[in-house]
Amino acid sequence: MLEFKQNIRGNVALGVNPIGCKQEVLNQVNYVKSNGTFDGPKKVLIIGASSSYGLATRISLAFGTGADTIGVSFEKGPKSARSLGTPGWYNNIAFREAAEKEGLVAKNFVADAFSHETKQDVIDYIKNEFGGKVDLVVYSLASGRRNDPDTGEAYVSSIKAIGEPVVGPNIEMQTQNYYTQTLETATEEEIANTVKVMGGEDWQLWMEALKEADVLADGVLTTNYSYLGSELNRPYYGGGTLGQAKADCDVKAETINDLLADVNGKAQVIVATAVTTKASSVIPFFPVYCIGLYKVMEEKGTHETPIMHIDRILRDMVYGDKAEYDEMGRMRPDSWELDSDTQAKTKALIEKINAENFNTDLTAYDLFVKEFSNLSGFDVDGYVEEEVTLEDLKALEY
Ligand code: NAI
């Protein structure tokens with residue numbers, strides 16, 4: 001019988017509990033079901049579908065609107081007792097099993113979304129087995145590197161400041177350490193490379209390929225999750241390299257809008273709220289912002305996990321009548337996070353946080369760690385231990 005051990009290196013989770021991942025997916029399915037059904041798309045492609053925002057999108061649409069889904073992700077399966085693969089691998093399987101039980105199509109592509117081959121494979125599948133068209137394309141990819149599909153050149157993104165270095169507090173979960181970190185400034189090349197990896201170029205390439213192949217339904221919508229944050233994190237997010245990448249998505253949304261005009265389509269940037277994910281927990285200083293913000297939002301009853309946030313976005317905003325937009329036409333479900341009282345209280349709380357109290361009830365540290373653990377199948381509500389062997393896991397098909 002395998003023993004599943006949580007293994008955190010810095011703020012990166014290395015261990016996985018496949019049974020816990022399955023339970024976490026089922027918890028999210030139940031959350032969506034408890035909110036009832038809504039009218040929405042029926043044929044959906046999600047790029048970056050195996051965790052956090054992308055997975056939540058897939059679950060909300062499958063179990064909220066009865067959508068058939070194609071999910072693209074880059075995950076690893078089990079190799080040995082010491083190398084059991086990545087949580088997203090098991091999330092893909094748990095999602096497919098749950099969706100198929102309801103008679104829904106749930107096709108997983110585990111492949112590099114940046115490559116031309118993956119795009120072509122997905123297009124062939126849409127044409128031959130998925131009814132020929134998709135009515136929603138969700139781009140929810142987060143990656144630290146990208147190989148250019150034409151030149152093969154590898155680009156690596158950097159999370160760095162622009163202009164001035166940033167000095168501030170950060171938390172390391174592995175050692176429960178609160179420490180001062182300096183974030184250096186990026187070079188022009190590092191900024192450009194971050195835009196190349198996390199900007200909108202690949203989103204545009206996907207939409208061009210899908211349009212060219214005539215697999216976009218009339219009125220197709222494509223969405224991209226962005227983050228703007230507030231003055232509390234602007235020096236290292238909005239004003240840093242990641243902010244440049246997100247700004248590039250705004251520019252590419254315009255280009256995609258033009259591209260989709262003749263199929264009456266639309267590209268929509270959705271500025272989402274701060275949540276605990278594999279990607280966000282390695283952003284310097286961000287965990288400190290989160291443990292302050294979550295504490296305030298919990299007290300106000302506005303704290304959301306990815307499934308709560310995304311289900312609200314899709315149900316109430318994208319396919320409902322409660323959408324809020326900014327002057328650039330971006331959808332703004334992050335208004336709860338940016339609420340002025342929430343931000344003022346978060347600022348005041350963050351100023352009180354120090355090495356002695358960061359992991360006490362003063363903050364939402366415990367909640368942050370629980371949400372982080374849940375991502376790898378640990379500390380999951382409703383979890384029941386099961387006897388599982390490596391062979392059992394290897395036999396699971398995505
Ligand atoms: P995540 O790390 O949980 O998920 C990323 C997904 O991308 C996974 O499904 C992964 O398998 C997939 N992926 C990565 N590289 C790939 C590749 N080469 N080929 C195919 N799939 C690949 O990330 P998270 O946090 O859910 O982020 C998704 C989007 O949401 C990002 O654009 C992020 O900036 C945005 N966002 C995140 C916020 C946060 O607080 N976490 C807040 C607002 C927006």
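Side chains are part of it too, since the values below use all heavy atoms of this structure and drop only hydrogens, waters and symmetry mates. Counting starts at 1 for both ligands and their atoms, following the listed order. Owing to the predicted nature of the structure, the values given are computational and were not obtained by experimental measurement.
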*asked:* In this structure, does ligand 1 have an atom that sits under 4.0 Å from one of the heavy atoms of Ile47?
replied: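 For ligand 1, residue contact (heavy atoms, under 4.0 Å) with Ile47 is absent.
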| field | cation_pi(Lys107, Phe109) dist<6.0 Å, angle<=45 | value |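 Yes, a cation-pi geometry holds between Lys107 and Phe109.
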* Asked: Does Lys43 make a cation-pi contact with Phe130, if we ask for NZ or CZ under 6.0 Å from the ring centre and within 45° of the axis?
  ->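 Lys43 over Phe130 ring: yes.
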May I ask which of [options] has a heavy atom nearer to [atom] than the others do?
{"atom": "atom 34 (O) of ligand 1", "options": "Arg145, Glu75, Lys246", "result": "Lys246"}
{"atom": "atom 28 (C) of ligand 1", "options": "Ser281, Ala245, Ser140", "result": "Ser140"}
{"atom": "atom 8 (C) of ligand 1", "options": "Ala49, Pro306, Gly88, Ser50", "result": "Ser50"}

### Query
Among Met308, His309, Glu371, whose side-chain contact (heavy atoms from CB on, under 4.5 Å) with His303 holds?
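The side-chain contact (heavy atoms from CB on, under 4.5 Å) with His303 is passed solely by Glu371 among Met308, His309, Glu371.
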Heavy atom under 4.0 Å from ligand 1: found in [X]'s side chain, backbone, both, or neither?
{"X": "Ala111", "result": "backbone"}
{"X": "Phe114", "result": "side chain"}
{"X": "Leu242", "result": "neither"}
{"X": "Thr277", "result": "side chain"}

Note to self: My understanding is that only residues two or more places apart in sequence, or in another chain, count here; which of them pass salt bridge (Lys or Arg N to Asp or Glu O under 4.0 Å) with Lys322?
What the structure shows: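 Residues passing salt bridge (Lys or Arg N to Asp or Glu O under 4.0 Å) with Lys322: none at all.
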Open item on the list: One pair to check against side-chain hydrogen bond (donor to acceptor under 3.5 Å, both in side chains): Asn27 and Gln23. What are the steps and the verdict?
Closed with: CA-CA 6 Å; Asn27 290 350; Gln23 185 61 48; 2.9 Å; yes
Ligand 1 N/O within reach of Tyr227 N/O, cut-off under 3.5 Å:
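Between Tyr227 and ligand 1, no N or O pair is found under 3.5 Å apart.
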Below 3.5 angstrom, do we get any N/O pair linking Met198 and ligand 1?
->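 So ligand 1 has no N or O lying under 3.5 Å from an N or O of Met198.
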Report, as yes or no, whether the 6.0 Å neighbourhood of atom CD on Glu212 holds more than 12 heavy atoms from other residues, nucleotides or ligands.
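No, not enclosed.
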- Taking atom CG of Leu210 and atom NZ of Lys133, what is their separation to the nearest 0.5 Å?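 Atom-to-atom, Leu210:CG and Lys133:NZ are 11.0 Å apart.
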Using a strict 4.0 Å cut-off to heavy atoms of Ser226, name the atoms of ligand 1 that fall inside it.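 Every atom of ligand 1 under 4.0 Å from some heavy atom of Ser226: 43 (C), 44 (C).
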